Asker: 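I am attaching a structure below and will ask some questions about it afterwards.
Given the structure is predicted, the values throughout are model-derived calculations rather than measurements. By convention here, the first residue in the shown sequence is residue 1.
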Amino acid sequence: MSMPEYMQVRAHLYNLISKADDPCMQIPPENELARQFGVSRVTVRGAIKGLVKDKILIPKRGLG
């Protein structure tokens, strides 16, 4: 059984964040992630929402 799409995106983002040198780095835009993974923005938002809930990402409106 394969991993759900939002979990694939979430795992990718988690790896990206955990390997980052800059704790203030920005993740790629939703549109770019959706295109990269071939999923909808809703799927990407679900992955991001999970990372925010787990306090791995901190949303900051207006920064891109």
Side-chain angles (χ1 to χ4, degrees):
M1 184 173 190
S2 66
M3 187 185 308
E5 292 174 335
Y6 81 95
M7 289 299 291
Q8 292 175 24
V9 176
R10 182 182 166 131
H12 171 79
L13 290 175
Y14 181 81
N15 288 332
L16 185 69
I17 293 163
S18 66
K19 294 176 183 174
D21 294 331
D22 181 7
C24 296
M25 73 165 274
Q26 292 183 0
I27 62 171
E30 287 179 358
N31 287 336
E32 185 178 323
L33 290 167
R35 187 176 61 250
Q36 181 180 348
F37 285 93
V39 298
S40 69
R41 284 180 59 202
V42 172
T43 300
V44 172
R45 281 191 195 132
I48 292 171
K49 189 176 182 179
L51 291 169
V52 169
K53 182 180 176 189
D54 292 343
K55 297 183 179 10
I56 295 167
L57 278 178
I58 300 169
K60 295 196 177 183
R61 295 202 186 275
L63 291 180

Asker: Identify whether Y6 and I56 are in the same connected component of the hydrophobic contact network (ILVMFWY, side-chain heavy atoms under 4.5 Å).
Answerer: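 No: no chain of side-chain contacts under 4.5 Å links Y6 to I56.
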Asker: If I compare all heavy atoms of L16 with all of P28, which pair ends up nearest, and what's the gap?
Answerer: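 That would be CD2-CD, 3.8 Å.
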Asker: Measuring from atom CD of E32 to atom CD1 of I27, what distance do you get when rounded to the nearest 0.5 angstrom?
Answerer: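 The distance works out to 10.5 Å.
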Asker: Report, as yes or no, whether the 6.0 Å neighbourhood of atom CG on D21 holds more than 12 heavy atoms from other residues, nucleotides or ligands.
Answerer: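 Not more than 12 within 6.0 Å, no.
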Asker: Which heavy atom in M3 sits nearest to a heavy atom in Q8, and how many Å separate them?
Answerer: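 Taking M3 first and Q8 second, the nearest heavy atoms are O-NE2, 2.8 Å.
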Asker: Measure the spacing between CE of M25 and CG of L57 and express it to the nearest 0.5 Å.
Answerer: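 That separation rounds to 8.5 Å.
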Asker: Please, which pairs that meet ring pair (Phe, Tyr, Trp, His ring centres under 6.0 Å) have at least one residue in residues 13-55, sequence neighbours excluded?
Answerer: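 Qualifying pairs, neighbours excluded: H12-F37.
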Asker: Can you list, pair by pair, the side-chain donor-acceptor contacts under 3.5 Å of residues 46-54, counting residues two or more places apart and other chains?
Answerer:
unit_1	atom_1	unit_2	atom_2	d
D54	OD2	R10	NH2	2.1

